[in-house]
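The model shown is predicted, which means the values in this text are computed figures rather than measured ones. Every chain is numbered from 1 and lettered A, B, ... according to where its sequence line falls, protein lines coming before strand lines. Hydrogens, waters and symmetry mates play no part in the numbers below; they use all other heavy atoms, side chains included.
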Protein chains: 2
Amino acid sequence: MPKRNTKTKQLIFDSLKKADTAVSQEILQAELGNAADRATIYRVLNSFCDDGIVHKIIGDDGKQYFAYCLNCAEKKHSHNHFHFRCLQCGKVECLPEEVDCKLPKGYHAVNFNGFISGYCSSCS
Amino acid sequence: MPKRNTKTKQLIFDSLKKADTAVSQEILQAELGNAADRATIYRVLNSFCDDGIVHKIIGDDGKQYFAYCLNCAEKKHSHNHFHFRCLQCGKVECLPEEVDCKLPKGYHAVNFNGFISGYCSSCS
DNA sequence: TTCGTTATTGCGACAATATCGCAATAAAGT
DNA sequence: ACTTTATTGCGATATTGTCGCAATAACGAA
Ligand SMILES: [Mn+2]
Ligand SMILES: [Mn+2]
Ligand SMILES: [Zn+2]
Ligand SMILES: [Zn+2]
C-alpha cells in the first residue's frame, strides 16, 4: 500500500522542481526521452497532484500543465493565481499575484483555472 | 465570397442566443440531433467567433465552450470575465464581473481565459 | 423562374491528447 | 534471498477537434 520511490518518479520530480515553469507531458517526454513512458508520466504527475506537491492547470491550448507548488502550505493549497503562456516561446508560468474572484450568491468554488496567453517580456 | 444564411447557421445561432449559458458542441449536437453534423457545428461556431458575435472559452475540462456575446460593443470585445462550470449540473455560464489581471512588466496579454468550477446556487 | 457560381455541408479520415487493461518489472519489508 | 504488490511499459482505446473532398444548396444575375 505505501508508495514507492522509483527512478522515474525522481526524474519527473527533479524536472518539475528545477523548471521555473509549468510543464506538459510533451515537454517532460522530450527531457526524459525513453527514460519514461507517456502513460507513466501522466500517472506520476497526477499522483503528485494527489500528494499536493504539484498543481495542474488546463491551458487555453487545451493541454494539461503541471507546476511544482512553491508557496503552498502543508494543507492550505491556494492556487488562485493566473498562468501565462507565451505564444512565441511557449513557456507557461505561474503569475505571482493571487487573485480572488467574487462569485454570485450561493456559488461555491472548487477549482480555479486562470489562464492568459500573450507575449512574455523576452518575446515582446 | 460573401457569407450565406443557411438553416444550420440559424439553428445554431438560435440555440446560442436562447441559452443563458455557454455551450459545447456536444450540447448543441444533442439539441440539433442529425440536423447538423459535428464538423459543421464546429465550423459554424468558429465562424461566429470570427464574426465577433460569439466568444470561445476553454473549460477546465479541456473542452471548448461557446457563448453568445452579450455586452460586447461593435468592435470592443472585452471578455475578461470568468466562466463558471457547475460540477453537478454541468452548466457553464459567464460571470458578470469583468476582471483585470496585472501582468509582470513587459508582458502583453492576447487571450484571457478565466475559469472556475464548483457548485452553482441551484446545486449547492 | 432558371442558371451558374461557390459558400456550405456531410462524411469519413485523420490528428492530438489522455486514459485504461494487463502482463512484466522492481521497490521495500521480512 | 524471497515475497508482496506498487509501479511501469506497451498497446489498445476514448475523447475532442480538424481536414479533404465530393455533394449540396444559397444567392445573385440573366
Ligand atoms: Mn501555478
Ligand atoms: Mn463569457
Ligand atoms: Zn516568450
Ligand atoms: Zn449546478
Side-chain angles (χ1 to χ4, degrees), chain A residues 1-16 22-51 53-67 83 85 87 90 92 111 113 115 117, chain B residues 1-16 22-51 53-67 83 85 87 90 92 111 113 115 117:
Chain A
M1 217 56 168
K3 299 208 169 174
R4 296 177 183 176
N5 291 325
T6 69
K7 202 172 297 182
T8 300
K9 283 185 187 175
Q10 198 58 52
L11 284 173
I12 295 177
F13 180 79
D14 291 344
S15 283
L16 280 170
V23 298
S24 62
Q25 176 273 332
E26 185 186 16
I27 295 174
L28 284 174
Q29 190 76 77
E31 279 188 46
L32 303 180
N34 58 359
D37 177 73
R38 174 165 43 98
T40 300
I41 294 179
Y42 278 114
R43 278 187 290 229
V44 168
L45 287 172
N46 284 314
S47 158
F48 284 167
C49 286
D50 293 341
D51 298 342
I53 59 176
V54 159
H55 65 280
K56 181 200 292 196
I57 346 112
I58 307 297
D60 60 359
D61 55 359
K63 297 185 190 173
Q64 300 182 353
Y65 288 88
F66 301 84
H83 297 81
R85 180 171 64 94
L87 299 170
V92 174
N111 306 107
N113 201 88
F115 216 94
S117 56
Chain B
M1 217 55 169
K3 298 209 170 174
R4 296 176 182 176
N5 292 324
T6 70
K7 203 172 299 183
T8 300
K9 283 184 187 176
Q10 198 58 53
L11 284 174
I12 295 177
F13 180 78
D14 291 344
S15 284
L16 280 170
V23 297
S24 62
Q25 176 271 332
E26 185 185 17
I27 295 174
L28 284 173
Q29 190 75 79
E31 278 188 47
L32 302 179
N34 59 359
D37 178 74
R38 176 166 45 102
T40 300
I41 293 179
Y42 278 114
R43 279 187 289 229
V44 168
L45 287 172
N46 284 314
S47 159
F48 284 167
C49 286
D50 293 341
D51 298 342
I53 60 176
V54 160
H55 65 281
K56 181 200 292 197
I57 348 112
I58 307 296
D60 59 1
D61 55 0
K63 296 185 189 174
Q64 300 182 353
Y65 288 88
F66 301 84
H83 297 80
R85 179 170 63 95
L87 299 170
V92 174
N111 306 108
N113 200 87
F115 217 93
S117 56

Whole Å only: how far is the [atom1] atom of [X] from the [atom2] atom of [N]?
X: I58(A); N: dT15(D); atom1: CD1; atom2: C1'; answer: 14 Å
X: I12(B); N: dT8(C); atom1: CD1; atom2: P; answer: 12 Å
X: D60(B); N: dT16(D); atom1: CG; atom2: P; answer: 14 Å
X: I27(A); N: dA16(C); atom1: CD1; atom2: C1'; answer: 15 Å
X: K9(B); N: dA7(C); atom1: NZ; atom2: P; answer: 11 Å
X: D61(A); N: dA18(C); atom1: CG; atom2: C1'; answer: 14 Å
X: D50(A); N: dA6(D); atom1: CG; atom2: P; answer: 15 Å
X: F48(A); N: dT7(D); atom1: CZ; atom2: P; answer: 10 Å

Every protein N/O lying under 3.5 Å from an N/O of nucleotides 19-26 of chain D:
from    : atom 1 : to     : atom 2 : distance (Å)
dG20(D) : O6     : R43(B) : NH1    : 3.2
dA26(D) : O3'    : N5(B)  : O      : 3.3
dA26(D) : N3     : R4(B)  : NH1    : 3.0

Can you check whether [Y]'s main-chain N or O pairs, donor with acceptor, with [X]'s side chain at less than 3.5 Å?
X: Q29(B); Y: G33(B); value: yes
X: K9(A); Y: R4(A); value: yes
X: N113(B); Y: I58(B); value: yes
X: D51(B); Y: I53(B); value: no

**Request:** Go through F13(B) and F48(B) one step at a time and tell me if the side chain to side chain contact (heavy atoms under 4.5 Å, CB included) criterion holds.
**Result:** CA-CA 9 Å; F13(B) 180 78; F48(B) 284 167; 4.0 Å; yes

N/O (side chain, [X]) to phosphate O (OP1/OP2, [N]) under 4.0 Å:
X: Q25(A); N: dT19(C); value: no
X: K3(A); N: dT7(D); value: no
X: N46(A); N: dT19(C); value: yes
X: K63(B); N: dT16(D); value: yes

**Asked** Checking side chain to side chain contact (heavy atoms under 4.5 Å, CB included) for the pair L32(A)/S15(A): CA distance, chi angles, key distance, verdict?
**Response** CA-CA 9 Å; L32(A) 303 180; S15(A) 283; 4.1 Å; yes

**Message:** Quick check on DNA chain C: between Y65(A) and I41(B), whose nearest nucleotide comes earlier from the 5' end?
**Reply:** I41(B)

**Prompt:** Does R38(B) make a side-chain donor-acceptor contact with the base of dG17(D), cut-off 3.5 Å?
**Reply:**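 Per atom types, the contact qualifies.
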
**Request:** Please step through side chain to side chain contact (heavy atoms under 4.5 Å, CB included) for the pair K56(B) and N46(B), ending with a clear verdict.
**Result:** CA-CA 8 Å; K56(B) 181 200 292 197; N46(B) 284 314; 2.9 Å; yes

**Prompt:** Which one, dT9(C), dT19(C), dT18(D), comes nearest to the side chain of K56(B)?
**Reply:** dT18(D)

**Request:** Have a look at Q64(B) and say if it touches a base, only the backbone sugar-phosphate, or nothing, with a 4.0 Å heavy-atom cut-off.
**Result:**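 Touches sugar-phosphate only.
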
